[in-house]
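For reference, the structure is listed below as structure tokens.
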Amino acid sequence: GLGAVLSTRLWLVPAAALAVGWLRLPVGGDVDAPKLLLPLYAVIATGLAALLVRTWRGPPAPQRLGRLGWALAAYVALAAASLGWTADLDGGAVDLVAFYLPFGALAAIVGTVGLRRDLVPPLAVGQLALATAFALFALWQWRSEELLWNRKVEVANVFNPFFRVNSAFYDPSMFGRFQVLALLTLVGLLALVRPSRALLASALLAVPIFAGLYLTYSQSSYVSLVAGLLALAAAVWRRPAALAIGGLAALAVVGALALPSTRAALDANLNRVTSGRSGLVERGLEAWRDHPVAGVGLGGFGEATGRTPGQQARFASHTAPVSTAAELGSAGLLALAGVVLAVTAAARRPAAPGRRALRLVLGVELVAVAVHALFYNALFEDPYAWVLASLVVLYSDARDATSAEVGGPADPSG
């Protein structure tokens, strides 16, 4: 029934996906039960039903993902095929069913959606409202020292000299990523859109949103925010500003490394400073070296790199390219490169004047997600990565994307 209602309003599917894509619910009453994106799966299922109804009523909607669609399909097909040789069939099957297949379907749905100008303001308002609400809840957590969902973080907070918050998210890093995307939306609109009173007033929301981000103590989120702001500076103020900011950052790093105490601390504690990530990266590269062509199979990273049963059950590289290399081998890296090249090529195409600003904001947020995935390993496991990449391609399409959805002439402002 919902599919029939949404068949003429398919743009509501990606809107709803962006609204609920953060919500993971425990399956069962146990606090340690698996956390799944159940609301998002309901949205995707409804979107597929709407697409079927729409196809039954008339000719199928044109697919506008282009090369990105083929690249994503190749990556999903390779991941699925790798279950034939994976070191951990259960883990690989869960990854395929919980992430790759539904998110691939979501990207395909987004590829059939016409672009509506009136959809952008509510999406931005919704994103900033959610980020502000999450930040206020995080401040309450910090004040009361009470958390939801994650027992591991609760135990870690007992021994840490600081208190990490996760708001309504399962993981503090995922909460931090959501806040980063909201901040980049806010800064991007302020930098690119003609200022209005409402937009200038919304700048005040940056204070609570950043406070929530700060209390996550998520290093990967901090780095992704800096990367997104650098990308935005390079696009808005062009190369000189980006080079100046990057030069100052490089100078700070070089100055810190010049101190003997810093070098000694890094030499002795690199694995500890990176929360064990450097050691996991080394093990992932070893697995790639041992299985260079097809890897150890989807979900097999822990089984292939762990030395004990406990390590095999919990190890993950926390670095998306290393996970791809270890699990899918050089073939997976080629498929990943295809996805990156497809998005990059689309982003370099000319866009209608009214769409450039939005495409730039989407591209900057996608850069932040990609940088975050270098430290957290949640690129293809994150629905926002699939939706953002698809929207960047759609807003790079010179064809009439609006008339396919609303049945009228395209609005040149997008």
When rounded to the nearest 0.5 Å, the distance separating OG of Ser390 from CG of Leu65 is 5.0 Å
_Any donor-acceptor pair under 3.5 Å from Glu381 side chain to Asp95 backbone_ = no
d(Leu189 CG, Leu200 CG) to nearest 0.5 Å is 11.5 Å
On a heavy-atom basis, the closest approach of Ile44 and Ile109 is O-CD1, 3.9 Å
Value for CG (Leu213) from OH (Tyr222), rounded to nearest 0.5 Å, stands at 6.0 Å
*From CA spacing to verdict: side-chain contact (heavy atoms from CB on, under 4.5 Å), Val13, Val113*: CA-CA 9 Å; Val13 176; Val113 172; 5.9 Å; no
Would you find a donor on one side and an acceptor on the other, under 3.5 Å apart, between the side chain of Thr86 and the backbone of Ser82? no
*So with a 6.0 Å cut-off around CH2 of Trp140, is the heavy-atom count from everything else above 12?*
yes
- Query: Tell me, do Val180 and His372 make a side-chain contact under 4.5 Å, heavy atoms counted?
  - Reply: no
*Do Leu10 and Leu51 touch side chain to side chain, with heavy atoms closer than 4.5 Å?*
yes
Query - Intermediate values then yes/no, side-chain contact (heavy atoms from CB on, under 4.5 Å), Leu181 and Thr185 - result: CA-CA 6 Å; Leu181 296 182; Thr185 294; 5.5 Å; no
Could you tell me if the side chain of Trp142 sits less than 4.5 Å from the side chain of Arg164, heavy atoms only?
no
- [ ] Answer yes or no: is there a donor N or O on one side and an acceptor on the other, between the side chain of Tyr75 and the main chain of Gly332, under 3.5 Å?
- [x] no
Within the side chain of Thr319, is there an N or O that forms a donor-acceptor pair under 3.5 Å with the backbone of Val322? no
Separation between OH (Tyr100) and CZ (Phe380), nearest 0.5 Å, reads 6.5 Å
CG (Leu130) and CZ (Phe178) are apart, to the nearest 0.5 Å, by 5.0 Å
Looking only at heavy atoms, the pair that brings Phe99 and Arg24 closest together is CE2-NH2, 4.0 Å
Check against side-chain contact (heavy atoms from CB on, under 4.5 Å), Trp22 and Phe175 | CA-CA 8 Å; Trp22 56 274; Phe175 170 45; over 6 Å; no
How far apart are the C-alpha atoms of Arg177 and Val369, what are their side-chain angles, what is the distance that settles it, and do they pass the side-chain contact (heavy atoms from CB on, under 4.5 Å) test?
CA-CA 7 Å; Arg177 175 187 288 190; Val369 169; 3.9 Å; yes
Smallest heavy-atom separation, Val371 atom then Phe375 atom, equals O-CD1, 3.3 Å
Here the gap from Leu186 atom CG to Leu204 atom CG, rounded to the nearest 0.5 Å, amounts to 9.5 Å
_Sub-4.5 Å side-chain heavy-atom contact between Leu360 and Val364_ = yes
On a heavy-atom basis, the closest approach of Leu48 and Ala105 is CD2-CB, 4.1 Å
Student check: side-chain heavy atoms of Ser202 and Leu199 closer than 4.5 Å:
yes
Heavy atoms of Ala389 and Leu68 approach each other most closely as O-CD2, 3.5 Å
message = Regarding Arg359 and Ser396, do their side chains bring together a donor and an acceptor under 3.5 Å, going by distance alone?
response = yes
Do the non-hydrogen side-chain atoms of Tyr41 and Leu37 ever get within less than 4.5 Å of each other?
yes
Note: Val110 and Leu394 closest approach over all heavy atoms is O-CD2, 3.2 Å
* Flag side-chain contact, heavy atom, 4.5 Å: Val76 against Phe103 -> no
- Query: Donor-acceptor pair, Gln179 side chain versus Phe210 backbone, under 3.5 Å?
  - Reply: no
Side-chain donor-acceptor distances from residues 288-299 under 3.5 Å, at least two apart:
from   : atom 1 : to     : atom 2 : distance (Å)
Trp288 : NE1    : Pro292 : O      : 3.4
Trp288 : NE1    : Ser330 : OG     : 3.3
His291 : ND1    : Ala287 : O      : 3.4

Does any part of the side chain of Asn166, heavy atoms only, come nearer than 4.5 Å to the side chain of Gln141, both counted from C-beta? yes
